[in-house]
There are 2 protein chains.
Amino acid sequence: MNETIILETAFRLFTTQGIQPFTMDEIAARLAISKKTLYRFFTSRADLVQQVCRLVAANFNQALEEADQADADNLQRVLSHMTVNMDFCKKTSVAFFTDLQKHYPVEYTHLVHTLNNFIYPRVLKVLEEGIVEGVFRGSLHPQLVVTILQQHIQKDFEFAAELVNDYSKDEVFRQALYLFLYGVIAPEAIPRLENELKKYSFATRLAQPKEIQQIETDQHK
Amino acid sequence: MNETIILETAFRLFTTQGIQPFTMDEIAARLAISKKTLYRFFTSRADLVQQVCRLVAANFNQALEEADQADADNLQRVLSHMTVNMDFCKKTSVAFFTDLQKHYPVEYTHLVHTLNNFIYPRVLKVLEEGIVEGVFRGSLHPQLVVTILQQHIQKDFEFAAELVNDYSKDEVFRQALYLFLYGVIAPEAIPRLENELKKYSFATRLAQPKEIQQIETDQHK
DNA sequence: GATAAAATCGACCAATTATGTCGAATAGTC
DNA sequence: GACTATTCGACATAATTGGTCGATTTTATC
C-alpha cells in the first residue's frame with residue numbers, strides 16, 4: 001500500500017460525496033487496509049483532508065495551465081477559463097465544500113482563497129486586454145466584474161446542488177456561463193463569440209439524446 | 001409551527017442531500033425552532049425518517065396514478081410509467097437511500113418494497129397486455145423482464161450517483177430508458193414508439209441550450 | 001390586566017460514534 | 001531461526017448527537 005493510492009481514493013470519495021460520510025474506518029475498509037496502516041501515511045484525519053485539498057487545488061491549477069498552453073486570443077481564453085471552472089463545479093460535490101467549511105474551517109478558507117487566486121487574476125488580465133482590444137464592452141469595470149463573477153459562481157454552485165431536482169447541474173452552469181459571456185461581450189463581437197461557442201457545443205451536446213435528433217430527421221422526411 | 005412544514009422541510013433535505021448530514025439540531029435550526037418543538041411533532045428521529053419515507057412513497061404513487069388517469073394505450077402507459085420512475089430517480093439523491101439502508105435498515109427494506117409494489121405490477125400488466133396486442137415483442141417473458149428491469153434501474157441509480165462527474169444524471173437515465181424501450185418494443189411498433197418519444201422530447205429538451213440552436217440556425221444562413 | 005394553559009426555548013445528560021493508540025501477529029530477509 | 005518491517009483490529013478516549021426537562025415566553029380566556 002502506498003500514499004498515492006490512499007490519497008487518490010480519499011480525493012475521489014471526498015470530492016464526489018463529501019467528507020463526513022467517510023470515517024477513517026470506512027476509508028481503511030474500502031482500501032482493504034487497517035487503520036494502523038492508514039495512520040502510517042497520514043498522521044491524522046485533518047492531515048488527510050488537507051492533502052486532499054492540496055490535490056484539489058493542484059488539479060484545478062493544472063487544468064487552467066493546460067488551457068493557457070493553447071495559442072488563443074482573449075475571447076478564447078476567457079471561454080476556456082470559464083469552462084475549466086464550470087467543469088470543476090460540475091465534478092465537485094457541494095457536500096465537499098460544506099463539510100470542509102463546517103469541520104475544517106481554516107482549510108476551507110485557504111482552499112477557496114487558493115482556487116480564487118488561480119482563476120480570477122487570469123480572467124481579470126484577459127478581460128482587461130480584451131476590453132482594450134474591443135472584444136469586451138468598454139463600459140466594464142474589470143476588477144469589479146471579476147469580483148461579481150466570483151460571487152455569482154459561488155451562488156450558482158450552491159444553487160445547483162439544491163436543485164438537482166428539476167434541472168441538471170450541467171444546464172445550470174451552462175446557462176450561467178452564457179449569461180456571463182453575453183454580459184461582457186462587445187455587441188460587435190457577438191458573432192465571434194457565437195462562433196467560438198459552437199466549437200464547445202460538441203462537449204455540451206453529449207447531453208442531448210441522439211435518438212431525438214434521429215426522430216426529428218425522420219419526421220422531416 | 002406545524003407538522004406539515006417540518007415534514008416537508010425534512011423531506012426536501014433528506015431526499016436531495018441524504019439523511020445523515022442533518023442532525024435534529026440542524027433541522028430545528030433551519031426551521032428556526034427549538035428541539036423541544038421539533039420533538040413535540042415527531043417522537044423521535046426514527047419517527048421523522050419514517051414519515052418522510054411515507055411521504056416519498058405517497059408522492060411516487062400519486063405521480064403514477066396521475067399518469068394512469070390519462071387515456072392511453074399500452075405503449076403510452078409503459079412510457080409514462082417509466083418516465084415517472086426516471087423522474088423519481090433524478091429527483092432523489094442516492095445518499096437518501098444509502099443513509100436509510102445503513103441507519104434504518106427496516107425502513108429501507110419497507111420503502112423499497114413499497115415503491116416496487118407501486119410500479120412493477122403496473123408495468124407487468126401493461127407489458128402483458130401489450131404483448132397480446134403485438135406492440136411488444138412476443139418472445140418476452142413479462143414477469144422476468146420486470147424483475148430484470150427492477151435490477152437494472154437499481155444499478156443505474158447507483159451508477160448515476162457516482163458518475164455525476166462526466167455525464168449528467170439526466171443523460172444516464174434517458175439512455176437507460178431508451179435501452180429498455182427499444183428492448184421490449186416489437187419491430188413493427190418502432191415507428192409508433194419513436195412518435196411517442198417525440199412527445200416527451202419537450203421535457204428532455206429543456207436541457208438543451210437554446211443559444212446553440214440559434215447559432216446553428218445562424219450558421220445556415 | 002390577571003390567570004391559566006399551551007408552546008417554545010436551549011442547556012443538559014446519556015448513548016452512540018469516531019478518532020487515534022497499542023500490543024500482538026504476520027510477512028519478508030538474511 | 002532471528003531480526004526487522006509492516007499490518008491487523010480491539011480498545012480507550014474524545015467528540016458528536018439524540019432525546020429530556022425545568023424555566024420562560026406567548027396565547028387564550030375571563
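In this text, all values refer to a predicted model and were calculated from it rather than measured experimentally. Scope of the values below: all heavy atoms of this structure, side chains included, with no hydrogens, waters or symmetry mates. By convention in this document, chain letters (A, B, ...) are assigned in the order of the sequence lines, proteins followed by strands, and residues within each chain are numbered from 1.
- With DNA chain C read from its 5' end, the first of the two nearest nucleotides for Ala32(B) and Lys102(B) is the one closest to Ala32(B).
- Between Glu8(A) and Arg12(A) there is no salt bridge, since no side-chain nitrogen of the basic residue lies less than 4.0 Å from a carboxylate oxygen of the acidic one.
- If you take CG of Leu31(B) and P of dT8(C), they are 12 Å apart, rounded to a whole angstrom.
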**OP:** Dump the intermediate steps for side chain to side chain donor-acceptor pair (under 3.5 Å) on Glu65(A) and Gln69(A), then the final yes or no.
**Re:** CA-CA 6 Å; Glu65(A) 277 182 355; Gln69(A) 292 303 316; 5.9 Å; no
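- Taking the centre of each ring, Phe96(B) and Phe14(B) stay at or above the 6.0 Å mark.
- Residue-to-nucleotide proximity on DNA chain C shows that, of Ser34(B) and Thr43(A), the 5′-proximal contact is made by Ser34(B).
- Using a distance-only test at 3.5 Å, with no hydrogens or angles considered, a donor-acceptor pair links the side chain of Arg77(B) to the main chain of Asp68(B).
- Residues Lys91(A) and Thr16(A) approach most closely at O-CG2, 4.4 Å, considering heavy atoms.
- Residue side chain Lys36(B) reaches the base of dG22(D) through a donor-acceptor N/O pair under 3.5 Å, judged by distance alone.
- Across dG20(C), dG19(D), dT8(C), the shortest atom-to-atom separation from the side chain of Tyr39(A) is found for dG20(C).
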Strictly under 3.5 Å: I want the nitrogen or oxygen pairs between protein and nucleotides 10-13 of chain D, one per line.
none

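- Atom CE in Met24(A) sits roughly 6 Å away from atom P in dG20(C) (whole-Å rounding).
- The local environment of NE2 in His113(B) is sparse, with at most 12 non-hydrogen atoms from other residues, nucleotides or ligands closer than 6.0 Å.
- A sub-4.0 Å separation between OP1 or OP2 of dT19(C) and a side-chain N or O of Ser44(A) is absent.
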